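Structure first, then comments.
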Amino acid sequence: MKTDLSAEYFSRARTVIPGGVNSPVRACKSVGCDPLFVQKASGATVTDVDGNEFIDFVGSWGPMILGHAHPAVVEAVRETALDGTSFGAPTPLEVELAELVCDSVPSLEKVRFVNSGTEATMSAIRLARGFTGRNVVVKFDGCYHGHADSFLVKAGSGVITLGIPGSPGVPEDIVKNTLSIPYNDVDTLEKTLRDDSLDIACVIVEPVAGNMGVIVPEMHFLKTLRELTREMGIILIFDEVITGFRLALGGAQERFGIMPDLTCLGKIIGGGLPVGAYGGRKDIMDTVAPDGPVYQAGTLSGNPLAMAAGLALVKELRKPGFYDALEEKSDFFAAELARIGASANIPTVLNRIGSMMTCFFSEDPVVDFVSAMKADTDRYGRHFRQMLEGGIWLAPSQFEAAFVSAAHDRSQLEKALNMTESSFKKLAD
Ligand code: HOZ
């Protein structure tokens with residue numbers, strides 16, 4: 001595979017951008033290679049600057065549920081841009097998208113748009129603290145809620161990928177207000193939430209973990225979490241930045257029938273443009289400025305291009321049969337992947353729900369941070385490089401999800417499966 005131009009861009013990038021990238025995992029350090037620089041993408045394929053074409057299972061880390069450059073999204077952005085790209089004033093587009101999002105996500109009565117998932121989660125915990133008058137945030141080991149100070153405690157995503165235990169620059173005073181406990185562990189959950197001395201404002205959780213690889217929660221865990229938080233007057237926040245509009249139109253909460261008090265969204269609702277959102281119960285959301293005292297603001301919040309892209313995309317998702325078709329395609333892909341994994345001479349564990357999945361190079365079931373960390377990351381690195389050589393673009397980390405999109409066709413999925421089979425064989429040699 002020719003990579004001369006990518007290498008050249010990487011070398012230039014490293015002199016002016018830390019690590020040569022604008023988000024750490026992209027540097028591909030944990031999979032032992034340098035990043036490829038992307039020229040363009042269309043449908044389920046990505047083409048790099050050297051002209052190599054790949055079948056894409058990263059989907060920009062989640063947003064591309066329709067595939068890249070979907071005509072409806074591109075047209076909406078193009079048309080909107082002709083009338084101006086930012087006004088710092090309300091627009092009809094944000095009202096329309098807010099209405100559609102509240103109508104789609106069952107627990108949302110009101111929603112505020114921001115610019116990223118990180119902004120959504122940090123705003124949601126501020127709101128939970130303001131509403132309850134308490135200070136402590138409970139999260140789960142290996143869950144990732146963006147890079148705000150309060151969340152960089154036993155975090156997933158790039159933090160575990162790069163083996164960073166906690167980040168310098170995050171004051172101890174902030175860390176002491178974040179409690180991280182094991183995912184899927186009902187006993188610890190119960191003990192923690194029932195401890196009145198802890199001053200817990202909220203619990204934030206990925207209702208399906210996607211940032212230590214995909215981990216589907218035990219229903220008993222999620223149900224207990226909902227019941228206990230309600231009983232103790234603690235705000236339950238679902239971080240649905242990945243699962244929102246991915247696992248169903250109404251996200252994980254619709255799929256599982258469990259309603260949080262607040263929900264954080266991002267990725268898909270921006271159609272590939274920078275967007276985040278937080279929303280939920282009206283009484284809580286009415287505490288946000290200007291109706292209430294909890295301050296949160298943003299010059300580019302509700303940006304017209306992002307709103308237009310999100311609207312165009314969500315309208316596609318609301319067409320009858322969209323999620324059934326995606327589920328069926330993902331069923332086929334996951335079943336074949338599991339079959340290939342089961343007959344390989346290396347241990348693999350496939351965790352999957354809907355169109356998101358992770359194949360762990362692991363002996364044992366992966367149910368939490370500790371079991372995820374047992375995965376063989378060197379083997380994943382080799383697998384990643386072999387797949388890339390074979391034209392398949394996977395996340396450059398064992399601890400991320402692979403996403404199937406509406407744009408993947410049968411032949412692309414079959415090619416990816418064939419490549420996986422031959423990669424597993426080489427790994428076993
Ligand atoms: N939330 C993304 C990972 N699951 C972030 C991707 C990145 O770190 O660039």
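Atoms within a ligand are numbered from 1 in the order they appear, just like the ligands themselves. What you see is a predicted model; the values in this text were computed from it and never measured. The analysis underlying the following values was restricted to heavy atoms, covering all of them including side chains, and did not include hydrogens, waters or symmetry mates.
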Do you know which two heavy atoms are closest between Pro396 and Tyr380, and how far apart they sit? C-CE2, 4.4 Å
Do the numbers put Arg318 on top of the ring of Phe322, so that NZ or CZ is under 6.0 Å from the six-membered ring centre and no more than 45° off the axis? no
Full working for side-chain contact (heavy atoms from CB on, under 4.5 Å) between Glu206 and Thr243: CA-CA 8 Å; Glu206 291 183 85; Thr243 53; over 6 Å; no
Could you go through Asp261 and Arg226, starting from their C-alpha distance and side-chain angles, then the distance that decides it, and tell me whether this counts as side-chain contact (heavy atoms from CB on, under 4.5 Å)? CA-CA 9 Å; Asp261 302 304; Arg226 176 61 285 186; 3.1 Å; yes
Hey, does Asn211 come in under 3.5 Å of ligand 1, counting only N/O atoms on both sides? yes
Considering the heavy atoms of Glu400, write down every atom of ligand 1 situated less than 4.0 Å from one of them. 3 (C), 4 (N)
Which ligand 1 atoms are under 4.0 Å away from a heavy-atom of Lys267? 1 (N), 2 (C)
Within the structure, does Ser23 bring an N/O atom to less than 3.5 angstrom of an N/O atom in ligand 1? yes
